[in-house]
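Each remark here refers to the structure printed beneath this line.
Residue numbers begin at 1 in each chain, while the letters A, B, ... track the order of the sequences.
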Number of protein chains: 2
Amino acid sequence: MIRLSRKSDYGLVALKALRGLEPGDALSARELAAQLGLPGDMTPKVLARLAQAGLVESSMGKAGGYRLARAAGDISVAEVVRVLDGEPGLAPCREGILECNRIETCDIKHPLDNLHQEVMRVLQGMSIAQL
Amino acid sequence: MIRLSRKSDYGLVALKALRGLEPGDALSARELAAQLGLPGDMTPKVLARLAQAGLVESSMGKAGGYRLARAAGDISVAEVVRVLDGEPGLAPCREGILECNRIETCDIKHPLDNLHQEVMRVLQGMSIAQL
DNA sequence: CCAACTGCGACCGTTCTAGTCCGAGTTTAG
DNA sequence: CTAAACTCGGACTAGAACGGTCGCAGTTGG
């Protein structure tokens, strides 16, 4: 609960390493992994997802690698988490399998949603630049 | 991520049902389960943990059951979650197994902790009475 | 004494996650 | 044109966490 998966953790660290890179440069997944001490084959996966979400750009080929697609200040923690961990969702009563109670749609759903939005607002307020 | 386990969910719903109970009364786990549509044998477990944490009181015997140990306004969501899901902890880099990086103690740990505190502050600010 | 309840621990099955492996496509260097 | 270095994407395995169930011991009220 309120716990980042390792993917999100790795993603944040990687993005942090990627900021402060010269405009033309790029870092390969392998370099990042070695430099940050991340598990070798996990890093490409994380970066790939970030790339297809448009948070980083990738260049193929021999001197390829990754670089931030936007300014570090324009990438929020919330966005990274959403990409790597999927859309959050406070309670698991949405799969349609369970109906919780039949009384309305869960007594506590509404206030819990407010809570969730507040939490997301906090995550939204922090950018990669501030790490 | 930012996701309540079902235990916490059940706990919150149960506490909500327990508030608005006459001072002398008590609800048995079975009654609560039936009334809320929770899985039968899960409810005693959740309530037992809440009881040993001092959030609810239990009375044994034939007419036994559970009731709130404090006013609903004095029980925060954060407390319930902590009891049922364990102490949160934003990132899983504490087990001592991994050292993340050797550079200091994780570049992003500090700002992430701030974030975590803010989230907890949000949870702390909402009580059972407000559900 | 009996019935109904809590309390607590042990026990499975399932699901999610971390992590690894492998093949295919792409670009640059020589 | 060939080879090397890199990204891309899916498939696959192992392990942990979680939800859920069962059974027994202790306790209280009729």
Side-chain angles (χ1 to χ4, degrees), chain A residues 1 3-11 13-14 18 24-34 37-67 69 81 84-89 91-93 95 97-98 100, chain B residues 1 3-11 13-14 18 24-34 37-67 69 81 84-89 91-93 95 97-98 100:
Chain A
M1 156 74 203
R3 173 175 178 175
L4 296 182
S5 73
R6 295 205 179 165
K7 282 184 201 166
S8 292
D9 202 9
Y10 296 162
V13 178
L18 244 43
D25 273 3
L27 273 176
S28 75
R30 190 171 306 169
E31 283 174 311
L32 275 171
L38 307 183
D41 286 333
M42 199 61 187
T43 314
K45 223 177 180 58
V46 169
L47 287 168
R49 293 200 64 171
L50 291 176
Q52 77 181 20
L55 296 183
V56 302
E57 288 175 345
S58 66
S59 49
M60 286 186 168
K62 193 181 177 187
Y66 295 93
R67 60 186 162 280
V81 170
L84 294 176
D85 276 350
E87 186 60 35
C93 56
E95 335 285 300
I97 304 177
L98 282 188
C100 298
Chain B
M1 155 74 202
R3 173 176 178 174
L4 295 181
S5 73
R6 295 204 181 164
K7 282 184 202 168
S8 292
D9 202 9
Y10 295 162
V13 177
L18 244 43
D25 274 1
L27 273 176
S28 75
R30 190 172 306 169
E31 283 174 311
L32 275 171
L38 307 182
D41 287 334
M42 198 61 187
T43 314
K45 222 180 180 58
V46 168
L47 287 168
R49 293 200 63 172
L50 291 176
Q52 78 181 20
L55 295 183
V56 302
E57 289 175 345
S58 67
S59 49
M60 287 186 167
K62 193 181 176 187
Y66 295 93
R67 60 184 163 280
V81 170
L84 294 176
D85 275 350
E87 186 60 36
C93 56
E95 335 284 301
I97 305 177
L98 282 188
C100 298

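- If you measure from atom CG of A:L50 to atom C1' of D:dG9, you get 15 Å, rounded to the nearest angstrom.
- Of the candidate nucleotides D:dG19, D:dT7, C:dC21, D:dT7 has the atom nearest to the side chain of A:M60.
- Spacing between atom CZ of A:R30 and atom P of D:dC8 amounts to 14 Å, rounded to whole angstrom units.
- Within the 4.0 angstrom heavy-atom criterion, only backbone atoms of the sugar-phosphate kind lie near B:K7; the bases stay farther away.
- In this structure, CG on B:L32 lies 7.0 Å from OG1 on B:T43, to the nearest 0.5 angstrom.
- Atom CZ of A:R30 is surrounded by 12 or fewer heavy atoms from other residues, nucleotides or ligands within 6.0 Å.
- The phosphate of D:dG20 (OP1 or OP2) has a side-chain N or O of B:Y10 nearer than 4.0 angstrom.
- Of the two residues near DNA chain C, B:S28 and B:K45, the one whose nearest nucleotide lies more 5' is B:S28.
- Whole-Å rounding puts the A:K62 NZ to D:dT2 P distance at 17 Å.
- Pairing each heavy atom of A:P44 with each of A:Y66, the nearest pair is O-OH, 4.2 Å.
- In terms of phosphate contacts, B:R6 brings a side-chain nitrogen or oxygen within less than 4.0 Å of OP1 or OP2 of D:dG20.
- Remark: P of C:dC5 and CZ of B:R67 are 15 Å apart, rounded to the nearest angstrom.
- Phosphate contact (OP1/OP2 of D:dT7, side-chain N/O of A:S59, threshold under 4.0 Å): absent.
- For A:Y66, taking side-chain heavy atoms from C-beta onward, the closest of the listed nucleotides D:dG20, D:dT7, C:dA18 is D:dT7.
- Rounded to whole angstrom, the span from the CG atom of B:D41 across to the C1' atom of C:dG9 amounts to 14 Å.
- The CZ-C1' distance, from B:R49 to D:dG19, rounds to 13 Å in whole Å.
- Comparing C:dT6, D:dC8, D:dG20 by their nearest atom to the side chain of B:S58 picks out C:dT6.
- Which of C:dT20, C:dC8, C:dA10 sits closest to the side chain of B:Q52 comes down to C:dC8.
- Of the residues listed (A:L18, A:L50, A:L84), the one engaging A:L55 in a side-chain contact (heavy atoms from CB on, under 4.5 Å) is A:L50, and it is the only one.
- Look at CG on B:L38: it is 16 Å from C1' on D:dC18, rounded to the nearest Å.
- Map A:M42 and B:A29 each onto its nearest nucleotide of DNA chain C; the residue landing nearer the 5' end is B:A29.
- A:P44 comes within 4.0 angstrom of no nucleic acid atom, judged by non-hydrogen atoms across all strands.
- Interatomic distance, A:L47 CG to A:L27 CG, rounded to the nearest 0.5 Å: 9.5 Å.
- The distance from atom CG of A:D85 to atom P of C:dC16 is 14 Å, rounded to the nearest whole Å.
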